[in-house]
Trainee: 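Below are the structure tokens for one structure; questions will follow.
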2 protein chains.
Amino acid sequence: MGIAERKEREKEEMRELILRAASKIFMEDGFEKTSIRKIADAIEYSPATIYLYYRDKNELLHGLHVEAFQKMMQEFAQVVPISDPFARLVEMGHQYIKFGTHNPELYNLMFLMDAPMEAIACRNEIWDDGLRAFDALRVVVADCIKAGYFKETDVETISMTIWSYIHGLVTIYLKGRMKMFDDDRELERMQQSFSLFIKMLKAI
Amino acid sequence: MGIAERKEREKEEMRELILRAASKIFMEDGFEKTSIRKIADAIEYSPATIYLYYRDKNELLHGLHVEAFQKMMQEFAQVVPISDPFARLVEMGHQYIKFGTHNPELYNLMFLMDAPMEAIACRNEIWDDGLRAFDALRVVVADCIKAGYFKETDVETISMTIWSYIHGLVTIYLKGRMKMFDDDRELERMQQSFSLFIKMLKAI
DNA sequence: TTGTTTGGTAAACACTGTTTAGTACATTTG
DNA sequence: CAAATGTACTAAACAGTGTTTACCAAACAA
């Protein structure tokens with residue numbers, strides 16, 4: 001019975017076709033302009049067809065959210081060769097800031113928007129992508145402790161604190177809340193703050 | 001010519017009437033359900049009337065945003081009596097977390113949403129409310145330095161780092177990104193992380 | 001008492017996500 | 001092979017959204 005398999009394959013291809021079109025529009029025009037009708041137009045199908053492959057827009061956005069995490073984890077992989085765990089942690093921070101500032105729409109989707117989380121909640125699942133990313137941080141923090149960098153030993157709390165700081169920094173920047181400083185030294189300010197935070201980390 | 005003044009007063013009263021209705025709906029049903037038509041219904045005017053008093057929805061949301069900052073600054077005022085500057089800084093952090101977790105919709109409006117910032121940008125103004133709140137932090141940090149709490153002396157960078165951390169913490173919580181830890185210890189985790197951050201601050 | 005200004009609105013415009021009913025074609029069955 | 005079933009797809013509608021336009025009636029100024 002190759003037919004059932006072919007149909008399964010075709011279904012997956014259609015899901016992928018929709019996701020690719022959604023991704024293109026999302027990256028080019030941002031979230032606000034990514035409408036079901038626009039996606040349907042791009043793939044030359046009717047809007048209703050999309051609902052045969054994704055239960056709602058939340059699920060579709062969750063699909064993009066998954067891809068965004070893959071992309072971020074890919075960039076995190078660059079830090080693996082760094083042997084010193086603290087230097088690895090610092091570079092991970094740099095990569096995080098770089099990813100956020102270079103992919104504002106993706107960052108929004110991953111860490112701020114409700115839509116992908118609602119899709120997860122609806123399926124009674126856990127935020128697996130977030131957990132994996134956080135685990136990557138936990139591992140590096142644990143390595144730092146092993147290497148004697150921190151007196152503090154609560155990996156979870158240290159990781160949470162680091163993530164909070166860097167997420168806050170990126171979010172303030174992305175949401176235009178740094179424009180209150182009239183000068184155009186936003187990135188410089190971020191760099192200075194990050195340096196101070198690294199100093200603080202060294203002391204715990 | 002009392003008529004012009006009366007008209008001015010009536011205009012201001014109408015703006016206030018709209019804002020009160022908007023605020024009520026915003027607090028009760030959240031941002032997503034705060035539509036122009038719903039506000040119009042509440043005050044028993046047509047939707048078009050609202051546009052005679054606010055140029056668009058962004059301006060209306062900016063009005064709520066201003067009130068939200070007033071509310072937050074009011075709660076910050078509670079820490080003024082604390083004489084020790086570092087204890088005052090810590091309590092300010094507590095107040096910030098409390099305000100954010102107790103007023104998720106307001107916090108969103110103040111620090112995450114685009115709408116109020118677009119209203120500001122449209123009028124070629126600066127984010128005054130944010131600046132005033134940040135100044136409150138700067139003052140306390142400066143007091144800490146004066147009292148010899150920090151070796152570091154860059155008030156701006158220290159303040160930015162503190163704000164980034166605490167904003168990140170609150171945002172992770174509010175945007176449901178802490179649900180990845182399956183347990184129900186979200187607030188406890190926040191408290192633990194905050195304690196660690198205070199420890200880190202003491203060391204700079 | 002005219003003429004003008006002003007406050008307010010009904011209706012329309014151009015969108016949005018989503019559902020329903022129905023069609024045309026592919027597949028399975030007798 | 002023909003009839004019955006299943007499936008992929010869509011046009012149209014539903015119930016919203018922010019916003020603009022054309023118009024009306026009442027208040028004001030001359």
Side-chain angles (χ1 to χ4, degrees), chain A residues 1-19 21-22 25-26 29-65 109 113-119 121-122, chain B residues 1-19 21-22 25-26 29-65 109 113-119 121-122:
Chain A
M1 270 287 150
I3 288 172
E5 285 153 23
R6 193 206 66 206
K7 292 227 164 161
E8 187 61 39
R9 202 171 58 238
E10 280 174 352
K11 191 140 195 156
E12 199 45 55
E13 275 168 18
M14 189 65 169
R15 276 180 70 94
E16 194 54 28
L17 179 71
I18 294 168
L19 203 65
I25 297 167
F26 190 84
D29 308 339
F31 156 70
E32 294 240 310
K33 292 187 175 176
T34 308
S35 72
I36 299 287
R37 279 175 177 83
K38 213 168 185 178
I39 298 166
D41 259 22
I43 58 172
E44 294 178 299
Y45 279 83
S46 100
T49 301
I50 290 173
Y51 287 87
L52 301 174
Y53 297 90
Y54 290 92
R55 64 171 292 145
D56 57 19
K57 204 187 177 186
N58 287 347
E59 276 232 349
L60 188 48
L61 289 172
H62 179 261
L64 298 180
H65 154 281
L109 194 61
M113 279 183 55
D114 293 330
M117 301 312 267
E118 273 164 20
C122 184
Chain B
M1 263 299 142
I3 287 172
E5 285 152 22
R6 194 207 66 206
K7 292 227 164 161
E8 188 61 40
R9 204 171 56 238
E10 280 174 354
K11 191 140 194 155
E12 199 43 59
E13 274 167 17
M14 190 65 169
R15 277 179 70 93
E16 194 54 29
L17 180 70
I18 295 168
L19 203 65
I25 296 167
F26 190 83
D29 308 339
F31 156 70
E32 294 240 310
K33 293 187 174 175
T34 307
S35 73
I36 299 287
R37 279 175 177 81
K38 213 169 186 175
I39 297 166
D41 258 23
I43 59 172
E44 293 176 301
Y45 280 83
S46 99
T49 301
I50 291 174
Y51 287 87
L52 300 175
Y53 298 90
Y54 290 92
R55 65 171 293 146
D56 56 20
K57 205 187 178 185
N58 286 348
E59 276 233 349
L60 189 48
L61 288 173
H62 179 261
L64 297 180
H65 152 282
L109 193 62
M113 279 183 53
D114 294 330
M117 301 312 267
E118 274 163 21
C122 184

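Since the model is a prediction, treat every value here as computed from it, not as a measurement. Letters A, B, ... mirror the listed sequences (proteins, then strands); counts begin at 1.
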Trainee: Using whole Å, what does the distance between atom P of nucleotide D/dG18 and atom CD of B/Glu59 come to?
Mentor: 16 Å
Trainee: Checking side chain to side chain contact (heavy atoms under 4.5 Å, CB included) against B/Met14, which of B/Thr49, B/Leu52, B/Leu19 comes through?
Mentor: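 Among B/Thr49, B/Leu52, B/Leu19, the one meeting side chain to side chain contact (heavy atoms under 4.5 Å, CB included) with B/Met14 is B/Thr49.
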Trainee: So which one's nearest nucleotide on DNA chain C is more toward 5', A/Lys33 or A/Arg55?
Mentor: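 Its nearest nucleotide lies further toward 5', so the answer is A/Lys33.
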Trainee: For A/Glu10, does the CD atom have more than 12 heavy-atom neighbours from other residues, nucleotides or ligands under 6.0 Å away?
Mentor: yes
Trainee: Does any N or O in the side chain of B/Tyr54 come within less than 3.5 Å of the main-chain N or O of B/Arg15, such that one atom is a donor and the other an acceptor?
Mentor: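 Such a contact is found between B/Tyr54 side chain and B/Arg15 backbone.
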Trainee: Atom CD1 of A/Ile36 to atom P of C/dT18: distance rounded to whole Å?
Mentor: 6 Å
Trainee: Using a strict heavy-atom distance below 4.0 Å, which residues from residues 37-53 of chain A are in contact with DNA chain D?
Mentor: A/Arg37, A/Tyr45, A/Ser46, A/Ala48, A/Thr49, A/Leu52, A/Tyr53
Trainee: Separation of A/Lys57 atom NZ from C/dT18 atom P, in whole Å?
Mentor: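 So the NZ-P distance, A/Lys57 to C/dT18, works out to 8 Å.
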Trainee: A side-chain contact here means heavy atoms from C-beta on lying under 4.5 Å apart; do B/Leu109 and B/Pro116 qualify?
Mentor: yes
Trainee: What is the distance, to the nearest angstrom, from the CG atom on A/Asp56 to the P atom on C/dT16?
Mentor: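 Taking atom P of C/dT16 as the reference, CG of A/Asp56 is at 17 Å.
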Trainee: Rounding to an integer number of Å, can you tell me how far B/Glu10 CD sits from C/dG8 C1'?
Mentor: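 Roughly 14 Å, once rounded to whole Å.
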Trainee: Figure out the CG/P separation between A/Asn58 and C/dT18, and round it to whole Å.
Mentor: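 Whole-Å distance recorded here is 7 Å.
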Trainee: For residues A/Tyr51 and A/Ile36, determine if any side-chain heavy atom of one lies less than 4.5 Å from a side-chain heavy atom of the other.
Mentor: yes
Trainee: Check the distance between C/dT16's P and A/Phe31's CZ and give it to me in whole angstrom.
Mentor: 12 Å
Trainee: Check the distance between D/dG18's C1' and B/Glu118's CD and give it to me in whole angstrom.
Mentor: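 So the CD-C1' distance, B/Glu118 to D/dG18, works out to 13 Å.
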Trainee: Examine distances only and state if a side-chain atom of B/Asp56 and a backbone atom of B/Glu59 form a donor-acceptor pair shorter than 3.5 Å.
Mentor: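 Yes: the side chain of B/Asp56 pairs with the backbone of B/Glu59.
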